[in-house]
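Data block below; observations after.
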Amino acid sequence: MSRVRLQEVTKRFGAAVAVDRISADIAEGEFVTLLGPSGCGKTTTLRMVAGLIDPSSGEILFDDQVVNAIPPAKRNIGLAFQSHALFPHLSVARNIAFGLEVKGRAKQETAARVREMLEMVELADYADRMPAQLSGGQQQRVALARMLATDPRVLLFDEPLSALDRNLRDTLKYSILALQRRTRKTAIYVTHDQSEAFAISDRIFVMHEGRIEQSGSQLDIYLRPQTEFVANFVGDNNALRGEVIGVERGAPGEPGQLLIQSGSIRLTAADYAGLRLGDSVLAFVRPENIAVMPVDVDAADPDTIVGRVEQIVFEGPTVQLLVDAHGIPLRVAVSGLERLRLLDAEQRQVRLRLQEVSLVRDRVGQPAAIA
Amino acid sequence: MAVSVETIVARPAAPEPRRFRHGALLAVVQHGYIWFWLAIFAMPFLATLFYSVQQTGGGLTLSAYQYVLGSFRDNLVLSAVSTVVTILVNLLIAIPAAYGLVRYPVPGKNLILSTLNLSLYTPAAVMGISLVIAYAFLFRIPQSFIGLIAAYVVGTFPLMLVPIIVALRDLPMVYEEAAKTLGASRWQSLRRVELPLLGPGISAGILLTFVIVFNEFLVTLFIAGPNTTTAALRVYTLTRTAGFQPSTAALATTMQLVSFLVVLLFFQVFGSRYLKGTYLI
Amino acid sequence: MAQTTLPQSLPAEPAALPLTEARQTRRQTLIGVGLLTPAALVALCFSIVPLFYLVQVSLTRGSSFFFTPEYTFDNFQTVGTRYVSTVWQTLKLASLASLLDLVFGYPFAYILIRKVRYREFARTMMTFPLFGPLYLAFGMFYILLPNGPFGSILQAMGINVANYLFSLPATLFAMAVFTFPFMVMNMGAALSNVDPVLEEAAKTLGAKPWQIFTRVLFPLSRGGILAGFLMCFGWNLGVFAQPLLLGRLQEQNVLSVVMYDKGLIQFDYGLAAAMGVVLMALAFFVTWLSLRFSRGALGT
Ligand SMILES: Nc1ncnc2c1ncn2[C@@H]1O[C@H](COP(=O)(O)OP(=O)(O)OP(=O)(O)O)[C@@H](O)[C@H]1O
Ligand SMILES: [Mg+2]
């Protein structure tokens, strides 16, 4: 229910910089995810929004109010912890009532609200249980009810599902999304699980070493990575080092086409990175975006290449191939019925078409990027 | 190689039963040893109890116990009151101190803790004589109730402090943080979340203080006067002046019985977990 | 979406902000110190200051400290000459009793940790000695009374209790029982840190029981054994009730007892304080050693 803004927020622990000048603008009712590897500063960022730690510099705003100086108890936020953090000495109902009781709400109002919350998370019969008597999923649902009971302005989640098993994670992530959609509250969700982030976010912020590398929709992040880190971190990717050898302007408003030469492989890609003729680039192709054909099909197409299948791994729904294309190893994933035809293709030649290529300016030669 | 396989295969026939018998004998000896010592721990108490209810010329009587609620009543009341007051004062200073040591960046924590624990390592008689001097010369509170409480507090609050520190270290920060994000003030969080969760540790501290203070006689011997004679001290002085009387035995029995029941209650409710690392078990 | 405001104001911030962080840490430190203050005051007033007084009094003659102090080193000289037997007797009783604890406590702790399921019950029973040496000595006295009911049973078993009522063995036994739990606690902690798998490994490698003890168990639990011994020793240094109730005059010649007599009966505070200082020094030294071996009760 609040717009949340971070302006150049930095957190240092001694000499180490955990969060490095992060800026973000999260719209009212938006569901954003902070996605990144362990130690990249996700939790630190979230805890600064919660007020549990103070930024070293920068400002955090809820709507137009700077909240830096407001203690967490007064920020009116809801925080879900990785370890549900239910008070072990209080019953389910008393846990949910906690936030209302400390705010001095009337008894009846509290009781009614607790009942409403319990029904919302479908645990109406569990009001008098102690947290230890609940399953992991139930505990996390009580934790959600507890954080929603006080009608907070902003919902914050710090890997709330990471302690649960996979099935439970899958169902609960949609419950969380449904609750957020129902209440239309601004939500910031921290996770290092990509599928979780892709399933529930309006927008994803990919974090790396305390900075936001890229923010955007699932499609932006997946198909149009803007940095090498994002391309490598999100999903599986083949990286090819090359050079722009041709530029084709597109119609107004449409991205143009670029022609890339990487060794003896030629690729075409949409130009959304503002590249120019002669630029060094890293081209990324996802294994599932490489089409596999018999060698004699489309032999005249200059955008296809021939490679030799080095290895085949059957993984059930997909078959993973390792193909040597003119000395460049490419990972290829084939799904559907087609994959079964490839099973005995080892040591054979195949023709590949590399599609949905994304480009990132190659920073090779700049020491910072190599390190 | 083949030989060893054969021996293994051949074995179960003969030696197995003998080994079993040997193991059973060992178990009997081991458990017997434990029980022997447990009996020795309880023996002096049981003997005292027996003495206190023995009638001259055979038979049992509770007549010695009339003194317990008679002429010893004031001593018992004083023991009970000073124990309770000491526990309260200990709580008031040990809980904040534990927070300071565990949750705040105070420099020189180990040194502070050692200093606070100093009285724990001071022999009772040394503490007694040093307090007699300090009370007479500096504080001018000789033979007073205040002096008694001060001595008990300084001698036992480390026993309160240590289990609370252990419990506080075991208490994850998330509960405090969850309370905070749900809108609880520092005091509300302390009262509704932390203190209940620290309960076992605090109770351990209460138990230790109780066991020591309720039965303390040596420091008391140095600093107490006629109006501040505790029950434990009374046991001592009666034994020294009147020899071994059934009435003294009755008082000693009562003291131990009360102590033991409290310990039993505590172990029933909390177990011995929070007593680890303290001077009791 | 990145709404950067006034980039030129940025350079100023990093310089200014570490200061607020430092100030915040200082605030936290101040709160912590504040929370520790009551405890520190109590320790200062009723432990540290009195002990300093004790040292000062030990350097004055008789009870002159309370009137016009006459400073002298005589008291320590007296302790070192006339009362050197008292110091020796204290050390002797304390070490013998602690040795008893060591010998009987080690198997007790081992069996308790490795074999016993009713540990909680054993712990409960072990609290009896902790109610204090006074009740213990009182009960033992009655057990050793030759014409008492227990005395006759023991006599029937061939133990002539009359020989033991006022004796060194009775005193030592009462001392050892009092400190037994401390020994078992320390050893138990050390032994429970030794993984039983190591013993089994030694067994499979062909070690005999005594080899397992000397080569595996003892080396791995040495710290706890030493700490336990020293802790018992420290407690036994202050022994008071057991010799008075169960010992002969010889056994009663220990520091705590003599100190009480000199100070509170004969009002020779200087001499009593000197004995107190000696006893305190011994106790602190032993405790210091003990804490070194157990790495502190809190594992800091
Ligand atoms: N209290 C602290 N003191 C010192 N350094 C800290 C502290 N908290 C976090 N850090 C450091 O800050 C960096 C970011 O930590 P953070 O917990 O935000 O990572 P994260 O992205 O949440 O990782 P994870 O996915 O493992 O939870 C890490 O390098 C961490 O070591
Ligand atoms: Mg984290």
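Proteins come first, then strands; the chains are lettered A, B, ... in the order of their sequence lines, and each starts at number 1.
- Contact annotation for Gln54(B): only side-chain heavy atoms (C-beta onward) come within less than 4.5 Å of a heavy atom of chain C.
- Within a 6.0 Å sphere centred on CZ of Arg27(C), other residues, nucleotides and ligands contribute 12 heavy atoms or fewer.
- With a 4.5 angstrom heavy-atom cutoff, Tyr110(C) does not touch chain B via any of its atoms.
- With a 4.5 Å cut-off on non-hydrogen atoms, Leu255(C) does not touch chain B at all.
- Highest contact tally toward chain C, considering only Gly147(B), Ala124(B), Ala249(B), is held by Ala249(B) [criterion: heavy-atom pairs under 4.5 Å].
- Heavy-atom pairs under 4.5 Å with chain C were tallied for Ile34(B), Ile133(B), Val106(B); the largest tally goes to Ile34(B).
- Heavy atoms closer than 4.5 Å to chain C are found in both the backbone and the side chain of Tyr236(B).
- For His31(B) and Phe36(B), the ring centers sit 6.0 Å or farther from each other.
- Top candidate by heavy-atom pairs under 4.5 Å with chain C, chosen from Ala125(B), Pro123(B), Ser130(B), is Ser130(B).
- The part of Val49(C) that comes within reach of chain B is its side chain, from C-beta onward, which places non-hydrogen atoms under 4.5 angstrom from that chain.
- With a 4.5 angstrom heavy-atom cutoff, Ile112(B) touches chain C only via side-chain atoms.
- Heavy atoms closer than 4.5 Å to chain B are found in the side chain of Tyr118(C), but not in its backbone.
- In this structure, chain C has no heavy atom under 4.5 Å from any part of Ala27(B).
- For the options Val153(B), Leu92(B), Val235(B), Leu138(B), heavy-atom pairs under 4.5 Å to chain C are most numerous at Leu138(B).
- In this structure, chain C has a heavy atom under 4.5 Å from the side chain of Phe45(B), while its backbone stays farther away.
- With a 4.5 Å cut-off on non-hydrogen atoms, Ala42(B) touches chain C through its backbone and its side chain both.
- Neither the backbone nor the side chain of Ala94(B) has a heavy atom closer than 4.5 Å to any heavy atom of chain C.
- Note that OG1 of Thr254(B) is 9.5 Å distant from CG of Leu49(B), once rounded to the nearest 0.5 Å.
- The greatest number of non-hydrogen atom pairs below 4.5 Å with chain C, out of Tyr33(B), Phe139(B), Phe157(B), Tyr99(B), is found for Tyr33(B).
- In this structure, the portion of Phe217(B) lying under 4.5 Å from any heavy atom of chain C is its side chain and not its backbone.
- With ring centers used as reference points, Trp35(B) lies under 6.0 Å from Phe121(C).
- In this structure, no portion of Thr253(B) lies under 4.5 Å from any heavy atom of chain C.
- Taking both residues in full, the closest heavy atoms of Ser79(B) and Met255(B) are given as OG-CE, 4.3 Å, listed atom of the first, atom of the second, then distance.
- In terms of heavy-atom pairs under 4.5 angstrom with chain B, the leader among Tyr269(C), Phe65(C), Phe52(C) is Phe65(C).
- Only the side chain of Val132(B) comes within contact range of chain C, judged by heavy atoms closer than 4.5 Å.
- Only the side chain of Leu218(B) comes within contact range of chain C, with at least one heavy atom under 4.5 Å from a heavy atom of that chain.
- Between chain C and the options Leu161(B), Leu221(B), Leu264(B), the largest number of non-hydrogen pairs under 4.5 Å is found for Leu221(B).
- Heavy-atom distances place both the backbone and the side chain of Leu136(C) under 4.5 Å from chain B.
- Applying the 6.0 Å contact sphere to CZ of Phe104(C) captures no more than 12 heavy atoms from other residues, nucleotides or ligands.
- Both the backbone and the side chain of Tyr260(C) have a heavy atom closer than 4.5 Å to some heavy atom of chain B.
- Using a 4.5 Å cut-off between heavy atoms, Leu245(C) contacts chain B through its side chain alone, with no backbone atom that close.
- Contacts of Phe131(C) with chain B are made by both backbone and side-chain atoms, with heavy-atom separations under 4.5 Å.
- The contact between Val33(C) and chain B is made by backbone and side chain atoms together, counting heavy-atom distances below 4.5 Å.
- At a 4.5 Å heavy-atom cutoff, the contact between Phe180(C) and chain B is made by side-chain atoms alone.
- When each of Thr179(C), Leu93(C), Thr90(C) is paired with Asn236(C), the side chain to side chain contact (heavy atoms under 4.5 Å, CB included) condition holds for Thr179(C) and for no other.
- Within the 4.5 angstrom heavy-atom criterion, only side-chain atoms of Thr239(B), from C-beta onward, approach chain C.
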